[in-house]
Number of protein chains: 2
Amino acid sequence: MNFHFHRQGEDTQPGGMTPYIARRAQDALSIYRTNSEVYGQGEPSGSLYRVEFGCVRIGRVTADGRRQLCSFCFAGDVFGWESDDEHHFFAEAVEETGIRILRPGRDSEASIALFPLVLKSLRRIQEHLLVLGGTKVDERLADFLCEMAERQGDECLVRLPMPRSDVGDYLGVSFETVSRILRRFKERGIIRIPDTHSVEILDMDCLHEISGRASV
Amino acid sequence: MNFHFHRQGEDTQPGGMTPYIARRAQDALSIYRTNSEVYGQGEPSGSLYRVEFGCVRIGRVTADGRRQLCSFCFAGDVFGWESDDEHHFFAEAVEETGIRILRPGRDSEASIALFPLVLKSLRRIQEHLLVLGGTKVDERLADFLCEMAERQGDECLVRLPMPRSDVGDYLGVSFETVSRILRRFKERGIIRIPDTHSVEILDMDCLHEISGRASV
DNA sequence: CGGGGCCTTGATGTCGTTCAACGTATGTGG
DNA sequence: CCACATACGTTGAACGACATCAAGGCCCCG
């Protein structure tokens with residue numbers, strides 16, 4: 001479920017599924033500039049963060065210098081979950097991004113409200129895991145485009161605010177390969193690339209077929 | 001749903017770390033035989049499952065026939081989380097496995113008790129995701145062995161109840177490669193392989209170094 | 001004794017990383 | 001306004017790693 005451009009002060013709750021969070025949402029709204037850090041690996045955790053607009057990348061830099069992104073968060077997504085009191089991942093703004101900081105208590109009310117959200121995060125990560133498990137790079141890219149399309153309301157015109165290197169680090173693929181696969185898709189008539197940060201999906205069925213992600 | 005050798009009425013609680021769950025744990029204890037299904041993709045969800053002994057694999061078969069495993073669950077692990085009322089993954093017993101079925105309510109008490117558990121699952125999956133994002137197969141195997149060692153109490157002698165094909169499907173690698181890499185580790189003196197389902201880690205530091213998973 | 005899993009090992013081909021060069025857009029200071 | 005710098009993106013060439021195909025070994029069970 002995508003809350004696009006959800007602004008403060010609106011009492012309407014899309015879906016009405018997170019009343020507790022909504023009530024506390026008068027907490028600070030912070031604007032992060034492109035590539036600025038929301039939190040870093042190793043910093044103390046405790047708060048949750050909800051994206052109001054823009055895009056955030058969550059990831060980690062491993063000991064050997066590789067950078068792996070776990071997820072992108074768009075408007076409506078909540079991130080910052082940790083199983084202990086430390087952030088094991090970093091969070092950075094991909095573009096100019098508005099983030100509302102939530103400070104849920106550890107009481108029952110908070111748990112009830114947050115449970116569906118953390119399950120949603122879990123679900124999304126599991127899906128991503130399926131993608132990374134595959135060996136074919138086309139599948140990964142195809143799936144990525146499908147995922148972005150879904151999360152942006154199944155529009156055919158998908159916006160990709162992140163650079164190619166982010167896509168690569170998200171999919172476990174070199175950024176050169178990202179570029180090449182996109183060209184290949186374009187040549188096959190599956191997508192159009194109006195500009196570097198937009199992709200128009202011309203043949204969604206084909207894309208789904210390539211990704212092969214769907215369960216049997 | 002198959003209840004093999006379904007027994008009831010055991011009150012002993014290993015660990016006793018999850019009071020709420022423990023109280024309800026007089027629920028059924030089921031014994032699943034090797035390779036039997038706990039639940040399948042597409043079946044209705046609702047319950048949680050706690051492994052008492054043995055090992056469970058969680059995964060999915062994708063449209064193109066590939067099988068991807070998301071996680072292994074050992075004694076004490078809780079699985080079966082879903083964001084809606086359907087299982088999107090299957091769960092199968094790797095070996096003879098005892099599972100206690102929990103039927104938590106949707107009340108606050110349940111949420112509070114379960115929250116740390118689902119966060120733990122989330123954490124584990126995120127770590128696994130980091131591994132799958134890497135390109136080198138040695139890293140994946142090294143990390144797998146480290147993970148198994150950790151979860152079995154940092155013993156040097158690690159038990160691998162699952163077949164090589166499961167390891168491969170878990171790591172996104174062909175089972176032949178799993179076999180080859182293990183041999184390579186053995187030849188380098190990093191591990192010993194007393195029998196096919198046991199690995200003795202001789203040089204844990206080296207293994208950690210190969211995996212390169214640790215954050216900076 | 002025969003059959004079927006599971007594991008190992010070898011040979012081969014392919015796909016993706018890596019290295020390298022170039023193109024393009026945006027911003028900065030002279 | 002132009003020269004330059006910087007970041008991002010595209011494209012090419014070549015090597016190497018891993019999947020795939022294939023064969024054989026081991027063990028358990030019928």
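Side chains included, hydrogens not; waters and symmetry mates left out as well; all remaining heavy atoms used.
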What I want to check is whether the side chains of [X] and [Y] have a donor and an acceptor closer together than 3.5 Å.
| X | Y | value |
| --- | --- | --- |
| B:S198 | B:R159 | no |
| B:H88 | B:E82 | yes |
| B:Y32 | B:E95 | no |
| A:S179 | A:R164 | no |

Rounded (10°) bend between the five-pair end axes of the helix from C:dC1-D:dG30 to C:dG30-D:dC1: 30°

Pairwise side-chain contact, A:V38 with A:E92, heavy-atom cut-off 4.5 Å (strictly under):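 The answer is no; the side chains never approach within 4.5 Å.
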
Distance-minimising heavy-atom pair for A:S165 and A:F175: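 Shortest heavy-atom separation between A:S165 and A:F175 comes out as CA-CB, 3.7 Å.
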
I'd like a table of atom pairs between the protein and nucleotides 6-9 of chain C - only N or O on both sides, under 3.5 Å - with the distance next to each one.
unit_1: C:dC7; atom_1: OP1; unit_2: B:R164; atom_2: N; d: 3.4
unit_1: C:dC7; atom_1: OP2; unit_2: B:R164; atom_2: N; d: 2.9
unit_1: C:dT8; atom_1: OP1; unit_2: B:R164; atom_2: NH2; d: 3.4
unit_1: C:dT8; atom_1: OP2; unit_2: B:R164; atom_2: NE; d: 2.9
unit_1: C:dT8; atom_1: OP2; unit_2: B:S179; atom_2: OG; d: 2.7
unit_1: C:dT8; atom_1: O5'; unit_2: B:S179; atom_2: OG; d: 3.0
unit_1: C:dT9; atom_1: OP2; unit_2: B:R183; atom_2: NE; d: 2.8

Mind calculating the distance between [atom1] ([X]) and [atom2] ([N]) to the nearest angstrom?
| X | N | atom1 | atom2 | value |
| --- | --- | --- | --- | --- |
| B:K136 | D:dC15 | NZ | C1' | 12 Å |
| B:D64 | D:dT20 | CG | P | 11 Å |
| A:R66 | C:dT18 | CZ | P | 11 Å |
| B:R140 | D:dC18 | CZ | P | 9 Å |
| B:L141 | D:dA19 | CG | P | 11 Å |
| A:D195 | D:dT10 | CG | P | 10 Å |

A:R180/A:E176 salt bridge by N-O under 4.0 Å criterion: no

Electrostatic pair B:K186:B:E200 at N-O distance under 4.0 angstrom: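 Looking at B:K186 and B:E200, the cut-off is not met.
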
Show each protein N/O and nucleotides 25-30 of chain D N/O combination with a separation under 3.5 Å, one pair to a line.
none

Matching residue for B:D169 among B:R66, B:R60, B:R67 - test: salt bridge (charged side-chain N to carboxylate O under 4.0 Å, His left out):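 One option only clears the test, and that one is B:R67.
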
Candidate pair B:V61 and B:F90, rule side chain to side chain contact (heavy atoms under 4.5 Å, CB included), full reasoning: CA-CA 8 Å; B:V61 177; B:F90 66 76; 4.1 Å; yes

Over-ring placement of A:R57 relative to A:F72, 6.0 Å and 45° cut-offs: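 Here A:R57 fails the 6.0 Å and 45° test against A:F72.
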
